[in-house]
Amino acid sequence: MSEITLVAMPKWGLSMEEGKVNCWLKQVGDAIAKGEEIIEVESEKIAGAVEAAVGGVMRRHVAQADDVVPVGALLGVIAAAEVPDAEIDAVVAQAQANFVPPSAADEETGPSPQKAAIGARSVRYLKQGDGGVPAILVHGFGGDLNNWLFNHEALAGSRAVYAIDLPGHGESTKDVGDGSLDTLADVLLGFMDHAGIERASLIGHSMGAAVAMAAALKAPDRVASLTLIGAAGLGETINTDYINGFVSAPNRNAIKPQLMMLFGDPTLVNRQLVEDIMKYKRLEGVDTALRTLAGALFVAGRQTTSLRDRVAALGKPTLVIWGEADQIIPAAHASALGDKAQVEVIAGKGHMVQMEAANEVNQLINRFLG
Amino acid sequence: MARKITYQQAINEALSQEMTRDPSVIVMGEDNHGGEGSPGEQDAWGGVLGVTKGLYHKFPGRVIDTPISESAFIGAAIGAATNGLRPVAELMFVDFMGVCFDQIFNQAAKFRYMFGGKAETPVVIRTMYGAGFRAAAQHSQCLYSLFTHIPGLKVVMPATPYDAKGMLIQAIRDNDPVIFCEHKMLYTLEGEVPEESYTVPFGEANVVREGDDVTVVTLGRMVHFSDQAAQAMQKKGVHVEVIDLRTTSPLDEATILESVARTGRLVVVDESNPRCSIAGDIAGIVAQKAFGDLKAPIEQVTAPHAPVPFSGALEDLYIPSVASIEGAISRVVEYRK
Amino acid sequence: MATELTKERLLEAYRTMRTIREFEDRIHADFSTGEIPGFVHLYAGEEASATGIIMHLSKADYIASTHRGHGHCIAKGVDVMSMMAEIWGKVTGTCRGKGGSMHIADLEQGMMGANGIVGGGGPLICGAALAMKMRKTDNVAICFFGDGASNQGTIFEAMNLATVWNLPVIFVAENNGYAEATSSSYSVACDNIADRASAFGMPGVIVDGFDFFAVHEAAGEAIARARKGGGPTLLEVKLSRYYGHFEGDQQKYRAPNEVANIKAAKDCLTSFAKRVTASGQLSQSDLARIDSEVGALIDESVRRAKSDPQPTAEDLLTDVYVSY
């Protein structure tokens, strides 16, 4: 690693072409430890912090607050205190001279979602990485594969990682059948057949975690491990006001307060996130799908199905991750599996902990999967 | 990542999906397939700019070429709507409303009220508007305010491919007469559009960009100009909220007033002529209902009170520019009592 | 001379014509006392036209009418009680008091509406007919218009479109000789409105509008042709109105005794009665019974219309849209 480290606009998700600098969290001259948050940037989807890849001193802010720059463009420079200014200026000048903004042509060569026919349904999925024991990311109620925007690539360094849209979600078929966990688990296992995956590590969030557990119970041999994030299916309580509010919200103003419950830091809910959710909710069949799922799984403050005891008995390697400030499913459920699972509760983060504390979650999962 | 298609393709896809779903949906207009009764190719045009191309062969008998006889076929679409069909009639250029307006505003718009709530007239009139095509004074106007004035009509102004598809599907399913205005300069605009069917509700403005310093209320093609101006102003540290009305009737007053309550400054950007316009209407509403919130006089950026000129040199001056919008934003920011 | 119509059909025709006449005469009388608001255009004198044509229709057949629309409405089966209440501006009216005389419509009866815009119905009826044709029914659509509307572009455009699309439409030009106060001999450029049919590629037929039987027969032919896919017809019905363009019109533009002479010589009800009693198909007492029943019906309609409630402030803003 060179002594001079360039900080560039990250690419969060496939559609991100540019990002906005919200603010610098480290000022020029500040000492920085590896992994510290140094700058907050915002894609059209969500705001987040960029962490330092190395330790050193913040030497330059090339981009300023409110600047909108392409993915890959230089934001700033970290270097040791003793590196001369002239050397840093030269590197900055060279980086800027050589920078070519990503073009539409580049995008097309990158990974793009595919459709798989699972029975009568079409299931959208995105694959990144290759080899290893494949992992499958399963989003929660009302989500889609973009919920793993900050995780997918980071987990795909040494294995194939698939993210799917469950039936009723994203760009998959909106028919959810009876809306039961079994039905959804059958689709997940059907997807594994389609993709030729004999055995996978299942990583589920919220309702998706319950789907992962249901699949493991149906086909224990095909599941290597379970990673359960803010999981449904481990206890009784759930915030059905959120579920019902999400389902019934007719417009932007009504959905926003619902979405704010998903995060420890509600300011993360930006205009685009709200708009994306409304776009999803407007799709033909989504309203019926969500109402069917909610009716089957989450009724009057209670989850209809607890898989806790059966999963504990299954004895699969299990990692449970929870945001301590989860307002949808209480973090107390994290300890439901007792000593059968590794339990990690992350302070200050909400239900969407894999987005809010992406780096920490990614590290935990990578370490767990080995 | 959703697929990207053009505004024009989005309209075609909405028609195709609704015609598949509902056999009572028909499409009619001048050259909507093109070639009827001629010895050559059928579906030769698919509309003067090809927007309805391909539907003729997909839906036999349901894409109908009409004589150049707007009163007759716009009226016929309205009459058919009272008798069980859901016609989508194309008034090729909105400028041609002059020869069929009676059927729209005295007939379609008033049936329900005049007949004591017994009639439903689920007709959609698609029409092309706007300057920039070097098409001169009779093929370039922005006449949406004339429709907006009439109770009983809904007036829809999609600015993006996403809205074009979702709002056209909503228009076709809507049980009231809808004037669906398509800006001819937007037909080639690309954007993300779901392949599945969906509806975008009427009366809900789209907050295109959030900001706390100035509210820009706009519509149609001017949404894009305003957003560019807002982006430029952001570099100067001015945070502009851009509101795309999406429909002028119904009008989402609440979103406008909520925004002005925060920003205290309003610029209205409207491509049409200034008198009795949407710009004037919005300014009037805000002046009356949010007077106490205002920190500066309301600015209106519009075309001048003149017909649309032919020469490119003149037409470019005629259409509100990004620079003129930036100028108006700067004035409301810099205003001191 | 006997007709082929059954006794029941003759009684029905007479009842319809008598109802229209009684309805219009009563409005004329009540309007003069100032109790009826707005503009009212009466159909008295023209009854044979609406009746002779509409007797061929079912509910699923549509008609578009004119500002002089009461006769068409009654013949098409719109409820007379509701019509009277509407004309009096009452909430019990056909249009809940929001339409008035010029906008009575009842789509359930296939009545697309009287129309305040001269020539407004032509394009609309083409649409109704297009829907019938696309549904592959044998229904027909009738466009009533006057000599005034015969000069409107909408009517020309509609006739052209009806032929281009081969629609089951009958264009019925009720030529009563006056567009408001202007004579059709001045305002219509050709000798007969029916002459214009050839310009639109359809048959043009002239019929005596005082003669119910002539109207019935001519309309029957045109309607049968349209039902079989034979396309549109222009039927010019030459007739006269007894009252002015609207109530309050003193008709000073007409010749002295013009109306009185027509009434005496040609009145459609009188000639109908003469013919059916002379042929022995109906008796005087058959007709007298209908006269008395119709009189009672109209009495009752006025009594109710007078006492029915007005719409209230709550009705002002309802039904502008289906949803908004």
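Below, chains carry the letters A, B, ... as their sequence lines are ordered, and counting in each starts from 1.
Within the 3.5 Å criterion, the main-chain N or O of G127(C) finds no donor-acceptor partner in the side chain of N83(B). The backbone N or O of R112(B) sits nowhere less than 3.5 Å from a side-chain atom of D319(C) that would complete a donor-acceptor pair. In this structure, the side chain of Y113(B) does not engage the main chain of Y321(C) through any donor-acceptor pair within 3.5 Å.
By the 6.0 Å contact criterion, NE2 on H57(B) is enclosed, its count of non-hydrogen atoms from other residues, nucleotides or ligands being greater than 12. Atom CD of Q138(B) sits in a sparse spot, with 12 or fewer heavy atoms from other residues, nucleotides or ligands closer than 6.0 Å. Residue E300(C) places its CD atom among more than 12 non-hydrogen atoms of other residues, nucleotides or ligands, all under 6.0 Å distant.
Only the side chain of N160(C) comes within contact range of chain B, with at least one heavy atom under 4.5 Å from a heavy atom of that chain. The contact between N175(B) and chain C is made by backbone and side chain atoms together, counting heavy-atom distances below 4.5 Å. Residue I68(B) does not touch chain C at all, counting heavy-atom pairs closer than 4.5 Å. Within the 4.5 angstrom heavy-atom criterion, only side-chain atoms of I26(B), from C-beta onward, approach chain C. Contact annotation for I125(C): neither backbone nor side-chain heavy atoms come within less than 4.5 Å of a heavy atom of chain B. Proximity to chain C (any heavy atom under 4.5 Å) is shown, for S249(B), by both the backbone and the side chain. For chain B, the nearby part of Y62(C) is the side chain; its heavy atoms alone come within less than 4.5 Å.
Once rounded to the nearest 0.5 Å, the distance linking CE of M112(C) with CZ of F115(B) reads 8.0 Å. Atom CD1 of I117(C) is separated from atom CZ of F105(B) by 6.5 Å, given to the nearest 0.5 angstrom. The distance from atom CD of Q107(B) to atom CG of N115(C), rounded to the nearest 0.5 Å, is 4.0 Å. With rounding to the nearest 0.5 Å, the separation of OH in Y324(C) from CG in L251(B) is 7.5 Å. In this structure, the separation between NZ on K118(B) and CZ on R96(C) is 9.0 Å, given to the nearest 0.5 Å. The CD1 atom of I64(B) sits 4.5 Å away from the CE atom of M134(C) when rounded to the nearest 0.5 Å.
Here the closest heavy-atom approach between residue Q103(B) and residue G120(C) is recorded as NE2-O, 3.1 Å. Closest approach of A76(B) to L161(C), counting heavy atoms only: CB-CD2, 4.0 Å. Contact between S323(C) and K154(B) at its shortest, heavy atoms only, is O-NZ, 2.7 Å. Of all heavy-atom pairs between E157(C) and E70(B), the closest is OE1-N, 3.6 Å. Scanning all heavy atoms of the two residues, the minimum distance from T66(B) to W165(C) falls at CG2-CZ2, 3.7 Å. Nearest heavy-atom pair across A158(C) and A72(B) is N-CB, 4.1 Å.
Ranked by heavy-atom pairs under 4.5 Å with chain C, the list L153(B), I78(B), D174(B) is led by L153(B).
A 4.5 Å side-chain heavy-atom check between F73(B) and V164(C) finds every atom pair outside the cut-off.
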